[in-house]
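Okay, so here's the structure we're looking at.
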Amino acid sequence: MLFRSNLTTSGGSGTKTLAGAVVVAGNLTIGAGTTVDVGGSNFGITVAGNWANGGTFTPGSGLVTFNGSGAQTIGTAASLTFNNVTVNKSAGALTMLTTTSLTVNDLTMTAGSFTPPATLTINGNATLTAGTLTAGTTINVGGNWSNNGGIFTQGSGTVNFNGTGAQAINGSAASQTFNHLTINKSSGSATLGGTVSVGGNLTITAGTLDTASNSVTLSGNFSNSGTFTAGSSAITIAGTAAQSINGFTTTGTVSMTKTANTATFNGNVNGGGLTINGTGGTLNLGTSLTHTFTGTWTRTAGTLDGGSSTLKLGNATAFSGTGGTFTASTGTVEYNAAGAQSVAGVTYNNLTLSGSGAKTTTGATVNGILSMEGTATTTGTVATYGAAATLQYKGSAAQTTGTEFPATWSGSGGVIIANGNGTGVTLAANKTVNAPCTVNNGAVLTLGSAIVLSGSGAFTLSAGGTLAIASTAGITSSGATGNIQMTTRNFDAAGNYTYNGSAAQATGNGLPTTLTGTLTIANGVSTGVTLSQNTAINTAGTCVVNNGALLTLGSSIVLSGSGAFTLSSGGTLAIAHASGIDGNITTTTKTFDPAANYTY
């Protein structure tokens, strides 16, 4: 049915049911108290003028097409509902009057311009083939969003995907731009079909956003209470506003291209490469987080602020470029590749070298802790250390000090031995430490026969720590003899002491006269180890003479206490007391192996 002018229903009551498709060349007005019903056949309505609904419209599953060549309006009720709507205007714009909420099933933009009300709810699909859709405050989408060449003017509004099944954000358009984008799905995933740029906030309230490895640009906040599946997506943090970015994982590159203000991570971020290329912008790594990148840290422009978080770099080419600024704050940077890496020549708070291989530290400055971990070693020139710096060893296997340990250490944080694997840490050369040097509980420090640890600092062997001593003079409480010659020497009674020199040794007067740790004799040269003074091995403590080793006890020397003494098979005990073994050894528990050796 074609109405060449206006179509109006009136009469105060009654239902007008369509008997066929209706084309209205002018305005369609549904009068107060009347109902227009598309009928059981769901006939379509095409309107070239305005749509004024003062009564009731029963849309069924029909289609309403707006195809005028001039301005058109939809009104006037506060809330209106259609089934499918197509905008196919050769000219002019379709706008709302006083209506603030419009609900449709499918919305198709074929041509022309449409500005919906503050709230547009699309329970089905939104298809933008051509023309312009200008957002109001909120567009709710329950189906797919397909942009095949139309224009979406996002304004300051939000597009909310809230369907209960799978939804696609796709189309033939190379990229799509939203202001605020929200995923709030009780089930199913919303999946990107191309590049997406979010000028405002990206919020995942519930459900899953799957990028299908398409690139995503964030110019506002990113918050995630659901699931963000980023695949190998390139994630770009852009814009000029301050941003808060929740954690995410991608194997693609994470880039900061901001030209003003700061974006701050508030969750752990894992990525391929990390690119800082935002003149005037800052990426802050946040508070107490761990960010792991398997690619290259590219420094072009802008600022990377370490916050109080840890940045792990695992690529063989750990960094490239020298542009921009790195602000260490109180954070940690860890180079953790399984192989050689060069360390960026910047100033760090904490620097951790882990994984394996040689790490080149030329040009680096460390103001906090340099921690040697894994099986990593150092090469190049020694790093520059700040006044409060600390050198720490906590490897996963035996370690030997290298270029990271200068001949003289003055950083007030001192040197910490925290590696208890195998032989722990072996001091490769004489060192002067003008700060504390501590062997932690469970850690091992091994000193060769000619190695001296000296300086004005304090040496501490903690309870449970182990000191392997090879000096002929053993360890002394003061003076310039023995392996430890630091000004202050603290040898804990619950520490462990191993004598393993390659020449005759004395235990020295630094060995505590009361021990609850382990005293191990592992020196097998002809005169072995001579106990320098009476020593009590008390409960929980033990003295062991290893296979092949020799312990020599003078005539007046007594090894006493409530602990245990063990002479192992193949070990040798040299006894000088007038009462023999019972004179030299009076510990509560004594074990003398029948295959041991005894010299009187």
Side-chain angles (χ1 to χ4, degrees), residues 59 61 63 81-86 101-109 116 119-129 133 135-148 150 152 154 157-218 220-236 245-252 267-271:
S61 56
L63 169 66
T81 299
F82 292 82
N83 183 49
N84 298 333
V85 172
T86 294
S101 176
L102 175 64
T103 300
V104 303
N105 185 42
D106 292 342
L107 173 65
T108 301
M109 295 293 302
T119 301
L120 170 62
T121 298
I122 305 170
N123 290 322
N125 301 321
T127 304
L128 284 65
T129 301
L133 175 64
T137 301
T138 302
I139 299 177
N140 297 307
V141 182
N144 299 327
W145 176 284
S146 301
N147 189 336
N148 297 316
F152 176 57
Q154 72 271 18
T158 298
V159 179
N160 176 36
F161 289 86
N162 63 353
T164 58
Q167 293 181 266
I169 305 171
N170 60 11
S172 61
S175 62
Q176 301 203 47
T177 300
F178 299 91
N179 181 47
H180 301 312
L181 177 61
T182 298
I183 309 299
N184 190 11
K185 297 173 57 60
S186 60
S187 60
S189 298
T191 303
L192 303 186
T195 298
V196 167
S197 178
V198 183
N201 300 328
L202 172 59
T203 303
I204 305 175
T205 303
T208 298
L209 174 60
D210 188 339
T211 68
S213 296
N214 290 290
S215 298
V216 176
T217 297
L218 304 172
N221 299 329
F222 170 55
S223 59
N224 180 15
S225 300
T227 301
F228 182 54
T229 304
S232 60
S233 291
I235 307 293
T236 300
I245 306 295
N246 271 187
F248 59 87
T249 295
T250 178
T251 60
N268 298 331
V269 173
N270 303 307

> Is the side chain of Thr227 donor-acceptor paired with the backbone N or O of Thr208 at a distance under 3.5 Å, no angle test?
Replying inline: no

> With distance as the sole test, does Thr137 use its side chain to make a donor-acceptor pair with the main-chain N or O of Gly157 at under 3.5 Å?
Replying inline: no

> Just wondering, do Phe152 and Val159 contact through their side chains at under 4.5 Å, heavy atoms?
Replying inline: yes

> At what distance, to the nearest 0.5 angstrom, does CH2 of Trp145 lie from CD1 of Ile169?
Replying inline: 9.0 Å

>> For Asn140, run the side chain to side chain donor-acceptor pair (under 3.5 Å) check against Thr119, Thr182, Asn160 and tell me which one passes.
In response: Asn160

> Looking just at side-chain N and O atoms, do Asn214 and Thr195 make a donor-acceptor pair shorter than 3.5 Å?
Replying inline: no

> Short question: side chain of Asn162, backbone of Asn184 - any donor-acceptor pair under 3.5 Å?
Replying inline: no

> Is the shortest heavy-atom distance from the side chain of Phe248 to the side chain of Val269 under 4.5 Å?
Replying inline: yes

> How about Leu107 and Phe82: do any of their side-chain heavy atoms sit closer than 4.5 Å?
Replying inline: no

>> Working to the nearest 0.5 angstrom, can you tell me the gap between Ile139 CD1 and Thr158 OG1?
In response: 9.5 Å

> Hey, are the side chains of Leu63 and Thr86 touching, using non-hydrogen atoms and a 4.5 Å cut-off?
Replying inline: yes

>> Using modelled atom types and a 3.5 Å cut-off, is there a donor and acceptor pairing between side-chain atoms of Asn84 and backbone atoms of Asp106?
In response: yes

>> Minimum heavy-atom separation for Asn125 and Asn144, please, with both atom names.
In response: OD1-N, 2.7 Å

> Looking only at heavy atoms, what is the nearest atom pair of Lys185 and Phe161, with distance?
Replying inline: CG-O, 3.5 Å

> Side chain of Ser232, backbone of Thr251: donor and acceptor closer than 3.5 Å?
Replying inline: no

> Does the Gln154 side chain pair with the main chain of His180, one donor and one acceptor, at a distance under 3.5 Å?
Replying inline: no

> Any side-chain heavy atom of Leu202 sitting closer than 4.5 Å to one from Leu209?
Replying inline: yes

> Hey, is the main chain of Gly171 close enough, under 3.5 Å, to the side chain of Asn148 for a donor-acceptor pair?
Replying inline: no

> Just by distance, do the side chain of Gln167 and the backbone of Val141 share a donor-acceptor pair under 3.5 Å?
Replying inline: yes

>> Please report the interatomic distance CD1(Ile235) to OG1(Thr249), rounded to the nearest 0.5 Å.
In response: 10.5 Å

> If you take all heavy atoms of Thr250 and Ser233, which pair is closest and at what distance?
Replying inline: OG1-O, 2.6 Å

>> As an exercise, state the distance from CE of Met109 to OG1 of Thr127, rounded to the nearest 0.5 Å.
In response: 11.0 Å

> If you look at every heavy atom in Ala212 and Leu192, which pair is closest and at what distance?
Replying inline: CB-O, 3.5 Å

>> Does any part of the side chain of Ile204, heavy atoms only, come nearer than 4.5 Å to the side chain of Asn246, both counted from C-beta?
In response: no

>> Testing the basics here: between Asn170 and Gly193, what is the closest heavy-atom pair and its distance to 0.1 Å?
In response: CB-CA, 3.8 Å

> Tell me, do Thr203 and Ser225 make a side-chain contact under 4.5 Å, heavy atoms counted?
Replying inline: no

